Amino acid sequence: MCTPAGQDEYFLRVGDKVDGPTATPPDLTDEEQAERRNRTAALAAEYRSELLVP
């Protein structure tokens, strides 16, 4: 279960598709990782999400 509704779409927009639950994660460059973090932060408010950053 994922709340609020729409979180599944959020993860589809910020993540990378993989072949399945046992697939290895994509090997991202530092620049690609930074782009994913920026995209995650930019979309957070739209999906009523709060990011907790150490």
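All figures in this text were calculated on a predicted structure; none of them were measured in a lab.
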L12 with L43, same ILVMFWY side-chain cluster at under 4.5 Å: no

Transitive ILVMFWY side-chain link V18 to F11, under 4.5 Å: no

Exercise: identify the closest heavy-atom pair between Q7 and S49: NE2-OG, 3.0 Å

Atom CG of D19: over 12 foreign heavy atoms under 6.0 Å: no

Residue pair Y47 / E9, side-chain donor-acceptor N/O under 3.5 Å: yes

Test: R39 and E35 ion pair at under 4.0 Å: yes

Residues R36, L28; criterion side-chain contact (heavy atoms from CB on, under 4.5 Å); working and verdict: CA-CA 10 Å; R36 301 310 188 281; L28 302 175; 3.7 Å; yes

Backbone N/O of T40 and side chain of Y10: donor-acceptor pair under 3.5 Å: yes

Partners passing salt bridge (Lys or Arg N to Asp or Glu O under 4.0 Å) against E46 (at least two apart in sequence or in another chain): R13

